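Okay, structure first, notes after.
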Amino acid sequence: MFKSYLNLLCSFGFVCLLLSGSFANAQTNPDSKKWYTGIFGGYVSGELNSDDPTHKETTGDYNDDSPMAGVFIGYQHQFDNDWVAGAELIIPLYMEKGTAVDKVYFPDLVTYEASYRYALFLTGKFGYSLDKLLPYVFGTVGFANVNGKTYNVDLDENYSPGFEQSAAATHLIWQIGGGVDYNFSEVLFAGARVGAFIGTRADHTMPWNEPGPNMFGYNALLIQVNFGYRFGF
């Protein structure tokens, strides 16, 4: 699935580059096109955190770095003094599964998995227009629903090959950082941003480890590239 999103991202970026040539002589005035939409791709690199200080010893290293891809729609306004403010609605469509292997109770026999299901983010931007360049700072708040799974443990906490348990939870997501957009033309732009990606802890208690709670979160660094098209009035 990720390959299809990656191909879409690359194709969209290639089209942006081709079309930008046809606008080379046009005046760059993105403020005349306040609404915009586009696609993004990126990478989050960090680590799982838990209310159980021994989770790293019991599960070993959690493979939780992930590529990410999705779509966005936004609105921005440029003031007379060239300061710019805007907002974006972001819909991630893909994040890779996180995995780990039990190292204490059932060494290398029991595996854990965290699967992204859906998310929605709202981002605020504030920057300063430098003709074709727009450096900015941003802050994001939203949520992500993640399904945690345990394989090969039954309800009585016994090793049971093929047995599967799951517990989904919704995490509050925070991001803060900076970025820059480059306007190829009045309507086409590309950009990049870097920031902190924080998933607050949520309860993923499964039947075999009740009563819980078993709280897990995620702290990471976000690197993201955007390709967009401006429209509207």
Side-chain angles (χ1 to χ4, degrees), residues 1-2 40 42-70 88-124 138-177 194-224:
M1 181 181 292
F2 174 66
F40 71 89
Y43 197 79
V44 287
S45 178
E47 63 178 12
L48 190 74
N49 68 76
S50 171
D51 59 345
D52 180 2
T54 66
H55 84 274
K56 289 186 177 181
E57 289 74 27
T58 57
T59 63
D61 291 332
Y62 213 94
N63 182 17
D64 47 17
D65 292 353
S66 173
M68 183 170 63
E88 293 175 358
L89 187 66
I90 301 173
I91 305 175
L93 298 177
Y94 175 84
M95 289 186 70
E96 198 168 66
K97 294 178 181 178
T99 58
V101 178
D102 188 275
K103 295 296 182 183
V104 174
Y105 303 106
F106 307 97
D108 299 324
L109 296 176
V110 171
T111 58
Y112 307 99
E113 181 181 279
S115 301
Y116 166 78
R117 299 177 70 192
Y118 54 84
L120 188 66
F121 304 153
L122 180 63
T123 293
F138 72 92
T140 298
V141 63
F143 67 89
N145 186 271
V146 177
N147 191 30
K149 291 185 178 181
T150 298
Y151 295 97
N152 303 333
V153 176
D154 65 20
L155 300 181
D156 296 319
E157 301 186 30
N158 298 314
Y159 174 64
S160 180
F163 200 92
E164 175 184 324
Q165 299 181 54
S166 64
T170 299
H171 299 257
L172 181 65
I173 303 297
W174 297 92
Q175 297 177 25
I176 187 169
V194 177
F197 183 104
I198 308 298
T200 60
R201 292 175 182 174
D203 187 8
H204 286 274
T205 302
M206 299 181 194
W208 80 290
N209 56 16
E210 289 180 343
N214 288 273
M215 308 293 288
F216 292 94
Y218 185 57
N219 298 333
L221 173 71
L222 167 71
I223 301 174
Q224 181 176 311

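The chain is numbered in sequence order, starting from 1. Only a predicted model underlies this, so the values are computations on that prediction, with no experimental measurement involved.
Here the closest heavy-atom approach between residue Phe138 and residue Thr123 is recorded as CB-CG2, 3.9 Å. Across all their heavy atoms, Ala168 and Asn147 have their closest contact at N-OD1, 3.4 Å. The two residues Gln165 and Val153 come nearest to each other via the heavy atoms NE2-O, 2.8 Å. Nearest heavy-atom pair, Thr205 versus Ala167, reported as atom, atom and distance to 0.1 Å: O-CB, 3.4 Å.
Taking CG of Asp65 as the start and CD of Glu47 as the end, the distance is 10.0 Å to the nearest 0.5 Å. Interatomic distance, CZ of Arg201 versus CG of Asn219, reported as 8.5 Å (0.5 Å rounding). Going from atom CG of Leu120 over to atom CD1 of Ile90 covers 9.0 Å, rounded to the nearest 0.5 Å. In this structure, the separation between CD1 on Ile198 and CD1 on Ile173 is 9.0 Å, given to the nearest 0.5 Å. Annotation: the span from Tyr118 atom OH to Ile91 atom CD1 amounts to 13.5 Å, rounded to 0.5 Å. Here Thr200 contributes atom OG1 and Trp174 contributes atom CH2; the two are 9.0 Å apart, rounded to the nearest 0.5 Å.
Looking only at distances, a side-chain donor or acceptor of Asn152 sits under 3.5 Å from a matching main-chain atom of Gly162. Judged by distance alone, with hydrogens and angles left aside, the side-chain atoms of Thr111 form no donor-acceptor pair with the main-chain N or O of Val101 at under 3.5 Å. Without hydrogens or angle criteria, Tyr116 side chain to Pro92 main chain gives a donor-acceptor distance under 3.5 Å. Under a 3.5 Å cut-off, the side chain of Glu164 and the backbone N or O of Lys149 do not form any donor-acceptor pair.
In this structure, the side chains of Glu88 and Phe121 stay at 4.5 Å or more apart for every pair of heavy atoms. Looking only at side-chain heavy atoms (C-beta outward), Phe197 and Tyr218 come within less than 4.5 Å of each other. In this structure, Leu222 and Met68 have side chains that are in contact, with non-hydrogen atoms separated by less than 4.5 Å. Between Asp102 and Leu109 there is no side-chain heavy-atom pair separated by less than 4.5 Å. For the pair Val141 and Leu172, the minimum side-chain heavy-atom distance is below 4.5 Å.
The aromatic rings of His204 and His171 sit parallel, their planes meeting at an angle under 30°, below the 60° perpendicular limit.
With sequence neighbours left out, the side chain to side chain contact (heavy atoms under 4.5 Å, CB included) criterion links Asn158 to Asp154, Asp156. Contacts of Glu157 classified as salt bridge (charged side-chain N to carboxylate O under 4.0 Å, His left out), with partners at least two apart in sequence or in another chain: none.
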